[in-house]
Novice: 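To start, I am sharing the structure in question, which I have written as structure tokens.
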Amino acid sequence: MSWKDHLRESVWGLSVYRPFDYASAPADLVRLDANESPYPFEREDLEAFQDEIAKLTFQRYPEVSGRPLREALARRWNVEPDEVLVGNGSDEIIAILMTAFGGGRDGAPAAVLYPTPTFGEFEAIALAHGARPLPVPLDGSFQLDELRLAETIRRERPVLAFFASPNNPTGNRFDVGTMERLARQMDAVLVADEAYADFGGATMVPLVGKVPGLVVMRSLSKIGLAGMRLGALVAPSELLAEVDKVRLPYNVSAVTMALACAALAHPERLDARIRRVADRRRDLETGLRQIPGLTVFPSDANFVLVRTPGDAKRVFDRLLERGVLVRNLSRPGPLERCLRITAGTPEENETCLRALRAALQ
Ligand SMILES: Cc1ncc(COP(=O)(O)O)c(C=O)c1O
């Protein structure tokens with residue numbers, strides 16, 4: 001016997017998340033691959049961040065309940081602080097939900113439903129927790145197939161369902177009414193993952209507490225704070241109080257809490273930054289639509305999914321040769337020949353469009 005005999009069976013099938021070797025890349029690489037904001041914070045914000053760091057007592061643990069940050073987030077989303085739980089990115093929130101709800105029943109693993117194609121962590125984190133992934137294909141326009149989802153819910157009784165809206169990597173948002181109807185059929189937990197909702201799309205936060213089992217996941221990553229790692233769950237306080245028991249103490253660092261509070265103290269500056277990125281995505285979408293042969297999928301997020309006329313790997317490589325990094329998602333199925341391109345600054349978008357025109361020659 002060795003440790004190999006004890007590793008969770010599903011872990012053998014997982015891969016380490018290494019999207020790209022950034023350390024070996026040239027410093028001027030145009031990075032449009034990870035749905036980050038292209039804009040650094042301005043000087044006044046950075047100075048406020050430094051002031052907050054100077055005030056920290058590093059020998060102490062962070063405030064364990066995360067209360068001041070939860071209050072700031074609750075104000076932003078117009079909910080109560082005890083309806084907000086914070087995590088080390090929304091990735092950790094997914095893991096916390098799996099720990100709380102994914103235990104299975106009567107020896108059978110818990111089923112975790114999500115439409116596909118979507119964010120890969122729903123599957124990976126479900127597998128890592130011994131749960132059974134239940135992917136349900138989106139329709140030909142990347143929209144929810146309500147009949148099929150309802151039928152799967154009836155048959156498989158998933159304990160958790162994840163609906164990323166706007167969806168990654170397709171970029172479109174889902175119909176709120178459909179998600180609400182599915183949540184009502186679940187008798188379990190439906191997670192609206194709103195990592196990209198700041199850029200477009202109706203939030204389901206006002207329905208939390210009204211639709212049984214509905215919870216909403218948010219992230220600060222896409223709006224300029226990816227390096228800080230902060231995600232949150234908005235849920236009815238009764239549910240949250242139970243889930244909070246499996247959150248590791250001090251999961252969010254004192255640095256993250258202090259800086260996030262400083263950023264949230266100026267919502268007008270955050271909102272201006274969000275509008276700027278949404279404008280850049282519109283510019284990118286418009287530019288991409290002018291490139292012959294490219295299929296451009298409508299986006300409500302901070303990135304655009306495109307289908308190349310020929311081999312996507314070849315286009316990806318040619319872009320990289322020209323100093324532009326995008327995400328190659330091409331595999332047999334609905335993402336065949338697809339690349340995902342994050343909105344950059346006007347200059348980065350222009351460089352990308354120029355490189356793409358040349359790559360498609
Ligand atoms: C749909 C979706 N949900 C959640 C996340 C995780 O975001 P984070 O852990 O940075 O908050 C991502 C990141 O790409 C995403 O695309």
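Both counts, for ligands and for their atoms, begin at 1 and track the order of listing.
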Novice: Consider every N or O of N168 and every N or O of ligand 1, then say whether any pair is closer than 3.5 Å.
Specialist: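 Yes, since at least one N or O of N168 sits under 3.5 Å from an N or O of ligand 1.
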Novice: Indicate, as side chain, backbone, both or neither, the part of D91 found under 4.0 angstrom from ligand 1 when only non-hydrogen atoms are considered.
Specialist: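 Both backbone and side chain.
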Novice: Quick one: does ligand 1 sit under 4.0 Å from the side chain of E121, the backbone, both or neither, non-hydrogen atoms only?
Specialist: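 The answer is neither; E121 stays 4.0 Å or more away.
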Novice: Between the side chains of K55 and D51, is the shortest nitrogen-to-carboxylate-oxygen separation below 4.0 Å, so that they form an ion pair?
Specialist: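 A salt bridge is absent here (no side-chain N lies under 4.0 Å from a carboxylate O).
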Novice: Can you tell whether the side chains of R340 and D33 come within less than 4.0 Å, N to carboxylate O?
Specialist: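 No, R340 and D33 are not salt-bridged.
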Novice: So, are E146 and R181 salt-bridged, with charged N and O less than 4.0 Å apart?
Specialist: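 Yes, this pair counts.
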Novice: Please identify which atoms of ligand 1 are closer than 4.0 Å to at least one heavy atom of S221.
Specialist: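 With S221 as reference, the close atoms of ligand 1 come out as 8 (P), 10 (O), 11 (O).
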Novice: Backbone or side chain, does any N or O of N88 fall under 3.5 Å from an N or O of ligand 1?
Specialist: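 N/O-N/O distance under 3.5 Å: no.
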Novice: Report the part of E92 in contact with ligand 1, treating N, CA, C, O as backbone and CB onward as side chain, heavy atoms under 4.0 Å; options are side chain, backbone, both, neither.
Specialist: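 Answer for E92: neither.
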Novice: Hey, are R67 and D82 close enough for a salt bridge, meaning a charged N less than 4.0 Å from a carboxylate O?
Specialist: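 Looking at D82 together with R67, the answer is no, because their closest N to O distance does not fall below 4.0 Å.
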Novice: Among S90, G227, P169, whose heavy atom sits nearest atom 7 (O) of ligand 1?
Specialist: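 The nearest heavy atom belongs to S90.
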Novice: Assess whether atom CZ of R60 is packed by more than 12 heavy atoms of other residues, nucleotides or ligands within 6.0 Å.
Specialist: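 12 or below, so no.
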Novice: Between R229 and E92, is there a side-chain N and carboxylate O pair less than 4.0 Å apart?
Specialist: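 Result for this pair is no, no salt bridge flagged.
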